[in-house]
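The figures that follow rest on heavy atoms only: side chains count, while hydrogens, waters and symmetry mates do not. For this chain, numbers begin at 1 and follow the sequence in order.
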Amino acid sequence: MPLPSQPLRKLGFLTIGLFDEADPRRGHESTLEVIELGERLGFDSAWLRHRHLQYGISSPVAVLAAASQRTHRIEFGTAVTPLGWENPLRLAEDLSTVDILSGGRLNPGVSVGPPMHYDQVKQALYPDTAASEDFGYDRVERLLDFVRGKPATGFSGVEGFEVFSDRVQPQSPGLGRRMWYGGGSLRSARWAGEHGMNLLTSSVVKAEESEDFAEIQLSHIRTFRAHHPDGDAARVSQGLVVIPTDSATREQRAKYEEYAAKRTPRTTTPQGPARMMFAPDLVGTSEEIAERLYAHAAFREIDEVAFALPFTFAHEDYVQILTDIATKLGPALGWRPVD
């Protein structure tokens, strides 16, 4: 069995937080309970996806604010917040506030590009400026500047009984170094490195120089670190879909295997005009999954993960999967839970 360069140092998980339109509170409560379970199991981090006009969490920052009051140690992240839907200054205020409330546990992950189905939502989102909005890296730079304490205005001081700051308030020390970029291309990996961000790699990459997923992802990791001020010490987190079956029932195993089988065809060749490559879902015992990860060229160069939970499973499935990851798979990868 090939060995990684070092033991897994940080173990996290990622969830979409699905809910029923008729009972949205129950779905959000389920997500909070899963985060609380993650802390009890010793996970280092819990990450939330970001979904707009769907039946998944549309405001992960608000959910993580609630989670910060129900936990004490586990870190939080967004993977990722698409900035095309956001005003960078307002988002910086929200992120800093939640980071303060959590005691410095927030790891915001962001991405760029036009909002999904932009032609259908632009009138609601940007009724007066839809044609002139810039959805490129400049949006990230503005957010980074605000989070890192650069002035947002030329005005500060006292006006009547009110005191004004020229910087986003509150300022949360250290948050600027905990900003992540969700990248799936060589260009985004290089940009994230040059701007001192951390890199989130997922189960989706762009097939630019190869059609081998692991080779592509490895190239992104090396490109990122080659352009980051911290070099080889720059943080990278990998987010593959991992489903251990050690304690699963027969019915759960059958469901997991069917889920993965339906998604496997898209992993064989690049998909669509953008030539996106998808990683296969890893289903099996923790020992089997560990062997497949050790053989993964990109996994061998990282020591942080945020394993993605499947979208459509039930709460009890997530409990089983997270418990097996923390008690079986994590230790098989050299990870040890936080005391």
ask   = Between Tyr137 and Trp191, how do the two ring planes meet: parallel, tilted or perpendicular, split at 30° and 60°?
value = parallel
ask   = Taking atom CG of Leu8 and atom CD1 of Ile302, what is their separation to the nearest 0.5 Å?
value = 6.0 Å
ask   = Hey, does Val168 have a side-chain heavy atom less than 4.5 Å from the side chain of Leu89?
value = yes
task = Return yes if some donor-acceptor pair links the side-chain N/O of Arg139 with the main-chain N/O of Asp134 below 3.5 Å, else return no.
result = yes
ask   = Counting only heavy atoms not in Arg70, do more than 12 sit closer than 6.0 Å to its CZ atom?
value = yes
Worked check of side chain to side chain contact (heavy atoms under 4.5 Å, CB included) between Leu83 and Leu91 = CA-CA 9 Å; Leu83 289 186; Leu91 181 60; 3.5 Å; yes
inquiry  = For Ser202, is there any backbone N or O sitting under 3.5 Å from a side-chain donor or acceptor partner on Gln217?
reply    = yes
key: Stepwise side chain to side chain contact (heavy atoms under 4.5 Å, CB included) test for Ile216 and Lys206   = CA-CA 8 Å; Ile216 297 168; Lys206 185 175 290 188; over 6 Å; no
ask   = Taking side chain as C-beta onward, heavy atoms only, is Arg51 less than 4.5 Å from Ile16?
value = yes
task = Check for a donor-acceptor pair, side chain of His50 on one end and backbone N or O of Ser58 on the other, with a separation under 3.5 Å.
result = yes
query = Does any donor atom in the side chain of Thr71 or Arg105 lie under 3.5 Å from an acceptor atom in the other side chain?
reply = yes
query = Asp166 and Thr153: side-chain donor and acceptor closer than 3.5 Å?
reply = no
request  = Drop me the distance from Glu208's CD to Leu186's CG, to the nearest 0.5 angstrom.
outcome  = 4.5 Å
query = Quick one: do Lys122 and Glu133 make a salt bridge, cutoff under 4.0 Å?
reply = no
query = Just checking, is any N or O donor in the side chain of Thr201 or Gln238 under 3.5 Å from an acceptor N or O on the other one?
reply = no
inquiry  = Tell me whether Asp20 is salt-bridged to Arg25, with the criterion being a basic N under 4.0 Å from an acidic carboxylate O.
reply    = no
ask   = Do Leu95 and Leu48 sit in the same hydrophobic cluster, where Ile, Leu, Val, Met, Phe, Trp and Tyr count as joined when their side-chain heavy atoms come under 4.5 Å apart?
value = yes
key: Residue pair Asp324 / Ser247, side-chain donor-acceptor N/O under 3.5 Å   = yes
key: Heavy-atom side-chain proximity of Glu291 to Glu287 below 4.5 angstrom   = no
ask   = Any donor and acceptor pair, going by atom type alone, linking the side chain of Arg225 with main-chain N or O of Ala234 inside 3.5 Å?
value = yes
Path from Val112 to Met179 over hydrophobic side-chain contacts below 4.5 Å = yes
message = Taking Glu39's backbone N and O only, do any of them form a donor-acceptor pair with Arg73's side chain (distance below 3.5 Å, no angle check)?
response = yes
inquiry  = Working note: Asn107 + Trp47, criterion side chain to side chain contact (heavy atoms under 4.5 Å, CB included); need CA distance, chi angles, decisive distance, verdict.
reply    = CA-CA 9 Å; Asn107 289 267; Trp47 300 73; 3.7 Å; yes
message = Checking side-chain polar atoms at under 3.5 Å, does Gln252 have a donor or acceptor matched by the opposite partner on Glu316?
response = no
ask   = Without hydrogens or angle criteria, can the side chains of Thr129 and Ser132 be said to hold a donor-acceptor pair below 3.5 Å?
value = no
ask   = Is Phe76 reachable from Met197 through a run of hydrophobic residues whose side-chain heavy atoms are each under 4.5 Å from the next?
value = yes
ask   = Which atom pair, heavy atoms only, marks the closest approach of Leu101 to Gln69?
value = O-NE2, 3.5 Å
query = Where the side chain of Ser30 meets the backbone of Arg26, is there a donor-acceptor pair that is under 3.5 Å apart?
reply = no
note = In terms of heavy-atom contacts, Gly109 and Leu200 come closest through CA-CD1, 4.0 Å
query = Going by heavy atoms in the side chains, are Pro280 and Arg292 under 4.5 Å from each other?
reply = yes
query = Quick one: do the Glu33 and Tyr318 side chains pair a donor with an acceptor below 3.5 Å?
reply = no
inquiry  = Taking CZ in Arg253 as the centre, count heavy atoms belonging to other residues, nucleotides or ligands within less than 6.0 Å. Is the count above 12?
reply    = yes
message = Atom CD of residue position Glu162 - does it have more than 12 heavy atoms of other residues, nucleotides or ligands inside 6.0 Å?
response = no
query = Would you say Leu282 and Phe307 make side-chain contact, with heavy atoms under 4.5 Å?
reply = no
query = CD1 of Ile325 to OG of Ser286: how many Å apart, nearest 0.5 Å?
reply = 8.0 Å
message = For Lys262, is there an ion pair with Glu258 - N to carboxylate O distance below 4.0 angstrom?
response = yes
Ser96 (side chain) donor-acceptor with Ala92 (main chain) under 3.5 angstrom = yes
query = Salt bridge or not for Asp303 and Arg235, using N-O below 4.0 Å?
reply = no
task = Any chance you could measure Leu18, atom CG, to Phe313, atom CZ, to the nearest 0.5 Å?
result = 11.5 Å
inquiry  = Angle between ring planes, Trp335 versus Phe43, binned at 30° and 60°: parallel, tilted or perpendicular?
reply    = tilted
message = Main chain of Ala65, side chain of Ser68: is a donor-acceptor contact present, judged purely on distance under 3.5 Å?
response = yes
key: Non-hydrogen side-chain atoms of Pro108 and Thr81 separated by less than 4.5 Å   = no
query = Is a side-chain N or O of Gln320 found less than 3.5 angstrom from the main chain of Pro244, in a donor-acceptor match?
reply = yes
message = Would Arg263 and Asp281 count as a salt bridge (Lys or Arg N to Asp or Glu O under 4.0 Å) here? Give the steps.
response = CA-CA 8 Å; Arg263 287 158 50 94; Asp281 301 334; 2.7 Å; yes
query = Distance only, no hydrogens: is a donor on one side chain within 3.5 Å (strictly under) of an acceptor on the other, for Ser172 and Asp99?
reply = yes
key: Main-chain N/O of Pro24 paired to His28 side chain as donor or acceptor, under 3.5 Å   = yes
From CG (Asn87) to CD (Glu93), nearest 0.5 Å = 8.5 Å
query = What class does the angle between the rings of Phe299 and Tyr294 fall in, given that below 30° is parallel, 30 to 60° is tilted and above 60° is perpendicular?
reply = tilted
ask   = To the nearest 0.5 Å, how far apart are CZ in Arg142 and NZ in Lys150?
value = 14.0 Å
request  = For Asp23, look at atom CG and say whether over 12 heavy atoms of other residues, nucleotides or ligands are found less than 6.0 Å away.
outcome  = yes
ask   = Honestly curious: do Ile57 and Phe19 fall in one hydrophobic cluster under the side-chain, below-4.5 Å linking rule?
value = no
request  = Dump the intermediate steps for salt bridge (Lys or Arg N to Asp or Glu O under 4.0 Å) on Glu86 and Arg90, then the final yes or no.
outcome  = CA-CA 8 Å; Glu86 305 288 342; Arg90 276 291 300 116; over 6 Å; no
query = Can you check whether Ile35 reaches Leu64 side chain to side chain, under 4.5 Å on heavy atoms?
reply = yes
inquiry  = Let me check something: do Leu143 and Trp85 share a hydrophobic cluster, defined by ILVMFWY side-chain heavy atoms less than 4.5 Å apart, either directly or through other members?
reply    = no
key: Intermediate values then yes/no, ring pair (Phe, Tyr, Trp, His ring centres under 6.0 Å), Phe311 and Tyr259   = CA-CA 10 Å; Phe311 287 175; Tyr259 174 88; 7.8 Å; no
task = Tell me, with the steps shown, if Phe224 and His228 meet ring pair (Phe, Tyr, Trp, His ring centres under 6.0 Å).
result = CA-CA 6 Å; Phe224 165 72; His228 196 286; 5.2 Å; yes
task = Please tell me if the side chains of Phe213 and Thr267 come closer than 4.5 Å, counting only heavy atoms from C-beta onward.
result = no
